[in-house]
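Working notes, structure below.
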Amino acid sequence: MFENAPVISIIVPTYREEANLRPLLARIGAALGPRAEPYEVIIVDDDSRDGTDQAVRELAERFPVELIARTGVRDLSLAVLAGLDRARGRYLVVMDADLSHPPEQIPAMVALLADGSADFVIGSRYVSGGRTEDWGGRRRLNSLAATLLARPLTGRIRDPMAGFFALRRETFAKARERLDPIGYKIGLELICRCECRRVAEVPITFHNRVRGQSKLNLRQQALYLTHLDRLYRDYRRGWGLLLRPVLWMMLAAISTLQRLTQSG
């Protein structure tokens, strides 16, 4: 049905997001359908067992979408890598399935790659024009702390923690063998290991989840700190001498909280 080779590949990692797939694909289709360049959507599902496979089969009759079904260890970063490895497009876009990221901004993000303005483009909550929807103080504080911990790795990038980003295929390919992600901040991994010097940020409104449940928990926060530790070891050894002991103390605190939660 969809015979043209895609120019844009959109990778969407999922775990129990079946309820969001139909509106997501409809919005992607509306955003990219009028473009001359064909696209593909790759759903990478971490063994949800919630009807995602059936939903993708139905959607494939209307949209250029396919499913990669992963089993074993559930890990968002590894799911994204599986999708990036499968992708055929010249431009690679990664986004969440929960409708927090606006597909309508994909054309603007890809345009910055196409004209050579950037090597990596972020759908950013924190540049002028970007915003988050009704975040409470605790969520803002968590996001700020995570961003500040990564700042020595990313310089002036305002939203390095974003899960909505785009890069060229060759940028990904040149660093594929060096990629060693863990947890949910695959964009930070790609910026560092692909040595992206020209990073652009396109403002987005980050919407709250309407369907399904957030996957962020203490385990994911611990994986993020472990990921940071790896990146500081490899890329910012000076800063690493200062920050890695802090990361270790935070990991110890999270481990204690996990034990208390389990015992309670």
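All figures in this text were calculated on a predicted structure; none of them were measured in a lab.
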Is there a side-chain contact between [X] and [Y] (heavy atoms, below 4.5 Å)?
X      : Y      : result
Arg178 : Glu195 : yes
Leu24  : Glu17  : no
Val199 : Arg156 : no
Ile204 : Phe164 : yes
Leu32  : Pro107 : yes

Looking at residues at least two apart in the chain, or sitting in another chain, which of them share a salt bridge (charged side-chain N to carboxylate O under 4.0 Å, His left out) with [X]?
X      : result
Arg140 : none
Arg230 : Asp180
Arg86  : Glu66

Looking only at non-hydrogen atoms, find the nearest pair between [X] and [Y] and report the distance.
X      : Y      : value
Ile122 : Ala162 : CG2-CB, 3.5 Å
Pro181 : His227 : CA-NE2, 4.2 Å
Pro6   : Glu40  : CG-CD, 3.6 Å
Pro64  : Tyr39  : CG-O, 3.2 Å
Pro103 : Ala31  : O-CB, 3.6 Å
Ala118 : Leu113 : O-CD2, 3.5 Å

Please list, chain by chain and in numerical order, all residues satisfying side chain to side chain donor-acceptor pair (under 3.5 Å) with [X], sequence neighbours excluded.
X      : answer
Asp119 : Arg168, Arg198
Ser77  : none
Thr205 : none

### Message
Walk me through whether Arg193 and Leu231 qualify under side chain to side chain contact (heavy atoms under 4.5 Å, CB included).
### Response
CA-CA 9 Å; Arg193 299 200 189 277; Leu231 293 174; 3.7 Å; yes

[atom1] of [X] to [atom2] of [Y]: how many Å apart, nearest 0.5 Å?
X      : Y      : atom1 : atom2 : answer
Cys194 : Glu189 : SG    : CD    : 8.5 Å
Glu18  : Ile43  : CD    : CD1   : 11.5 Å
Leu25  : Arg62  : CG    : CZ    : 8.0 Å
Leu188 : Thr154 : CG    : OG1   : 7.0 Å
Leu84  : Phe172 : CG    : CZ    : 4.5 Å
Asn20  : Arg27  : CG    : CZ    : 10.5 Å

Is there a chain of hydrophobic side chains (I, L, V, M, F, W, Y, each step under 4.5 Å between heavy atoms) that links [X] to [Y]?
X      : Y      : value
Leu149 : Ile157 : yes
Tyr235 : Leu225 : yes
Val110 : Val127 : no
Leu223 : Val80  : no
Met249 : Tyr224 : yes

With distance as the sole test, does [X] use its side chain to make a donor-acceptor pair with the main-chain N or O of [Y] at under 3.5 Å?
X      : Y      : value
Glu201 : Arg158 : yes
Arg16  : Asp50  : no
Asp98  : Ser100 : yes

### Enclosure of Glu177 CD (heavy-atom neighbours >12, cutoff 6.0 Å)
no

#### Entry: Arg90 atom CZ, neighbour heavy-atom count above 12 within 6.0 Å
no

### Message
side chain to side chain contact (heavy atoms under 4.5 Å, CB included) for Thr171 and Phe120? Distances and angles first, verdict last.
### Response
CA-CA 8 Å; Thr171 303; Phe120 195 94; 5.7 Å; no

### Query
Going by an N to O cut-off under 4.0 Å, is there a salt bridge joining Asp159 and Arg125?
yes

### Query
Is it true that Asp75 and Arg70 make a salt bridge, defined as a side-chain N closer than 4.0 Å to a carboxylate O?
no

### Query
Is there a side-chain hydrogen bond (donor to acceptor under 3.5 Å, both in side chains) between Ser143 and Tyr126 once you walk through the steps?
CA-CA 11 Å; Ser143 180; Tyr126 302 140; 2.4 Å; yes

### Message
Applying side chain to side chain contact (heavy atoms under 4.5 Å, CB included) to Leu99 and His207, what does each step give before you reach the verdict?
### Response
CA-CA 7 Å; Leu99 306 178; His207 291 282; over 6 Å; no

### Query
Taking the inter-plane angle between the rings of His101 and Phe206 on a 0 to 90° scale, is it parallel (under 30°), tilted (30 to 60°) or perpendicular (over 60°)?
perpendicular

### Message
One pair to check against side chain to side chain contact (heavy atoms under 4.5 Å, CB included): Ile191 and Phe165. What are the steps and the verdict?
### Response
CA-CA 10 Å; Ile191 290 171; Phe165 56 84; over 6 Å; no

### Message
Whether the Thr14 and Asp45 side chains hold a donor-acceptor pair (N or O, under 3.5 Å, no angle test) is what I'd like checked.
### Response
yes

### Message
Here's a test for you: under side chain to side chain contact (heavy atoms under 4.5 Å, CB included), which of Val93, Ile68, Val44 qualifies with Ile11?
### Response
Val44

